[in-house]
Peer 1: 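Okay, here's the structure, questions in a sec.
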2 protein chains.
Amino acid sequence: MRDLSRASGMSLAGLYYYFESKERLLFLIQRHTFSTIVQRLKGRLEGVIDHEERIRIFILNHLEYFLANQQAMKVLSHEADVLKNGFGSEVAAIKREYYRICVGLLEDLKRAQGLEFATRIAVLSLFGMMNWIYTWHNPRVDADAEHLAGEMGDIFLGGVINGNKNREKTPARK
Amino acid sequence: MRDLSRASGMSLAGLYYYFESKERLLFLIQRHTFSTIVQRLKGRLEGVIDHEERIRIFILNHLEYFLANQQAMKVLSHEADVLKNGFGSEVAAIKREYYRICVGLLEDLKRAQGLEFATRIAVLSLFGMMNWIYTWHNPRVDADAEHLAGEMGDIFLGGVINGNKNREKTPARK
DNA sequence: GGCTTATTCGAACGTTCGTTCGAGCCGAGT
DNA sequence: ACTCGGCTCGAACGAACGTTCGAATAAGCC
């Protein structure tokens with residue numbers, strides 16, 4: 001809170017005039033952030049029918065926000081699940097909606113192409129790929145969101161579509 | 001430190017008799033953890049020549065340790081890069097060696113199969129997939145390390161081997 | 001038994017943290 | 001001119017933190 005006070009130019013007590021506690025302030029930041037990501041995603045998905053393209057849009061939307069707000073996302077990733085009961089559940093609901101959208105995109109792809117893979121593990125692997133970026137991405141060295149989304153989309157889509165073909169002496173898995 | 005004192009049964013001051021500071025204690029834990037992972041990996045890779053199998057071993061080794069020490073890895077993931085200069089560089093060196101091993105495995109696969117993808121992004125995506133597990137894995141619900149390593153191996157190997165075939169109207173990328 | 005050395009601990013120190021309080025400032029309304 | 005409500009702040013409070021210190025205990029050796 002003292003850091004925020006210094007950075008914003010407002011006194012420490014002044015912050016508490018607007019935000020009743022540090023926890024509520026974190027809650028507002030998290031709610032705003034995750035709501036924005038979900039809202040932008042919905043807008044971008046409208047009218048797109050190709051299943052692979054929809055997943056690529058999901059990845060690009062996610063990475064763009066993460067890289068544009070890298071410092072913030074670093075904190076938010078570390079501060080996941082620290083909110084107490086009341087605050088935590090509302091943020092958790094938004095995250096759950098986001099997760100469910102991704103599950104839906106994958107289920108659609110599975111149905112359309114007759115694929116077989118574990119949706120939950122695939123979705124959480126994808127989130128891992130994307131979220132881990134805050135630990136290594138250096139804007140001066142690494143490619144931009146669009147390029148990275150392309151590469152990750154290649155790996156992920158190639159994986160869920162052709163994945164189990166690479167098991168030696170193993171039939172398609174249930 | 002007070003938590004450790006309570007959990008270990010030794011007084012707070014007693015801890016400082018054995019570990020000169022909280023930072024040095026964290027350093028010892030990190031060094032031991034990452035050294036163990038690298039050491040086990042090297043043992044398991046010995047004698048295995050198939051490139052895909054070697055990457056699957058890498059994934060299994062990583063996930064097994066992460067799931068067997070989930071609470072610890074949750075902390076270590078959060079405490080990455082908090083060590084000051086002296087301590088930090090030694091741990092960073094071990095991590096870099098681990099990273100380089102993974103890069104080597106992928107480069108071998110690329111060469112053997114004539115593939116084209118960005119190694120750095122692929123490696124860091126794989127780390128993301130695997131490391132993110134501490135945020136969602138529930139031992140009572142989710143599969144064990146072996147099963148998860150199989151699924152993630154399918155996705156990752158399928159992705160790097162067949163990835164760019166899924167780009168619409170796009171040639172293989174450089 | 002005495003003496004030395006290793007181990008353990010309660011109590012405290014100084015700092016940082018989240019938060020609160022009371023007093024001051026300032027512009028709008030009467 | 002006076003007041004009132006919104007806004008801002010310096011200063012402090014109590015708790016938690018990493019760390020230290022001196023004394024108490026235990027263990028090994030003569």
Side-chain angles (χ1 to χ4, degrees), chain A residues 1-37 65-66 69-96 131 134-135, chain B residues 1-37 65-66 69-96 131 134-135:
Chain A
M1 296 302 282
R2 276 167 237 264
D3 286 347
L4 295 179
S5 150
R6 199 174 310 114
S8 67
M10 168 158 284
S11 75
L12 188 56
L15 280 182
Y16 278 88
Y17 179 76
Y18 291 100
F19 307 104
E20 66 185 40
S21 69
K22 174 185 149 179
E23 191 183 15
R24 171 144 183 94
L25 175 54
L26 178 59
F27 162 73
L28 292 171
I29 294 173
Q30 290 200 4
R31 189 178 62 177
H32 173 264
T33 299
F34 297 126
S35 298
T36 302
I37 294 178
Y65 199 93
F66 260 57
N69 307 82
Q70 193 176 6
Q71 303 302 327
M73 299 316 293
K74 188 176 297 199
V75 173
L76 291 197
S77 295
H78 277 246
E79 303 287 303
D81 306 328
V82 300
L83 294 176
K84 297 273 193 255
N85 306 335
F87 293 144
S89 57
E90 191 173 336
V91 173
I94 302 174
K95 289 189 185 175
R96 201 174 309 119
N131 291 343
Y134 78 83
T135 66
Chain B
M1 296 303 283
R2 275 166 238 264
D3 287 347
L4 294 179
S5 151
R6 199 174 311 114
S8 66
M10 167 159 285
S11 74
L12 188 56
L15 281 182
Y16 278 88
Y17 179 77
Y18 291 100
F19 308 103
E20 66 186 39
S21 70
K22 175 186 149 181
E23 192 183 14
R24 171 143 182 96
L25 175 54
L26 178 59
F27 163 72
L28 291 171
I29 294 172
Q30 290 200 5
R31 189 178 62 178
H32 172 264
T33 299
F34 297 126
S35 298
T36 302
I37 294 178
Y65 198 92
F66 260 56
N69 307 82
Q70 194 176 5
Q71 303 302 326
M73 298 317 291
K74 189 176 296 200
V75 173
L76 290 198
S77 294
H78 277 245
E79 303 288 305
D81 306 327
V82 299
L83 294 176
K84 297 271 192 260
N85 306 336
F87 293 145
S89 58
E90 189 173 337
V91 173
I94 302 174
K95 289 188 184 176
R96 200 173 310 118
N131 291 343
Y134 79 82
T135 66

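Residue numbers start from 1 in every chain, and the chains themselves are labelled A, B, ... in the order their sequence lines are given, proteins ahead of strands.
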Peer 1: For B/Leu15 and B/Leu4, what are the C-alpha separation, side-chain angles and deciding distance, and is it a side chain to side chain contact (heavy atoms under 4.5 Å, CB included)?
Peer 2: CA-CA 8 Å; B/Leu15 281 182; B/Leu4 294 179; 3.9 Å; yes
Peer 1: Is there a donor-acceptor pair under 3.5 Å between the side chain of A/Glu23 and the backbone N or O of A/Lys84?
Peer 2: yes
Peer 1: Distance-only, no hydrogens or angles: does the A/Ser77 side chain make a donor-acceptor pair with backbone N or O of A/Met73 under 3.5 Å?
Peer 2: yes
Peer 1: Tell me whether the side-chain N/O atoms of B/Tyr16 come closer than 4.0 Å to OP1 or OP2 in D/dT19.
Peer 2: yes
Peer 1: Whole angstroms only, please: what is the CZ-C1' distance between B/Phe19 and C/dT7?
Peer 2: 14 Å
Peer 1: Indicate whether OP1 or OP2 belonging to C/dT7 is found under 4.0 Å from a side-chain N or O atom of B/Tyr17.
Peer 2: yes
Peer 1: To the nearest 0.5 angstrom, please state how far the CG atom of B/Asn69 sits from the CD1 atom of B/Ile37.
Peer 2: 8.0 Å
Peer 1: Within the 4.5 Å heavy-atom criterion, are B/Phe87 and B/Leu26 side-chain neighbours or not?
Peer 2: no
Peer 1: Where do B/Arg2 and B/Leu12 come nearest, in terms of heavy atoms and distance?
Peer 2: NH1-CD2, 3.5 Å
Peer 1: Between B/Tyr134 and B/His78, what is the ring plane arrangement, given parallel below 30°, perpendicular above 60°, and tilted in between?
Peer 2: perpendicular
Peer 1: Salt-bridge test for B/Arg31 and B/Glu90: reply yes if a basic N is under 4.0 Å from a carboxylate O, no otherwise.
Peer 2: yes
Peer 1: Can you pull out the residues from residues 20-33 of chain A that lie within a 4.0 Å heavy-atom distance of DNA chain D?
Peer 2: none
Peer 1: Is the shortest heavy-atom distance from the side chain of A/Val75 to the side chain of A/Gln71 under 4.5 Å?
Peer 2: no
Peer 1: Can you name the closest pair of heavy atoms from A/Ser35 and A/Ile94 and give their distance?
Peer 2: OG-CD1, 3.5 Å
Peer 1: What nucleic acid atoms does A/Tyr18 come within less than 4.0 Å of, heavy atoms only: base, sugar-phosphate, or nothing?
Peer 2: sugar-phosphate
Peer 1: Protein-nucleotides 14-16 of chain D N/O pairs closer than 3.5 Å?
Peer 2:
none

Peer 1: Is there a residue in residues 3-14 of chain B whose heavy atoms reach under 4.0 Å of DNA chain D, and which residues are they?
Peer 2: B/Leu12, B/Ala13
Peer 1: Can you tell me how far P of C/dA11 sits from CE of B/Met1, to the nearest Å?
Peer 2: 20 Å
Peer 1: Measuring from atom OG of A/Ser21 to atom CG of A/Leu25, what distance do you get when rounded to the nearest 0.5 angstrom?
Peer 2: 8.0 Å
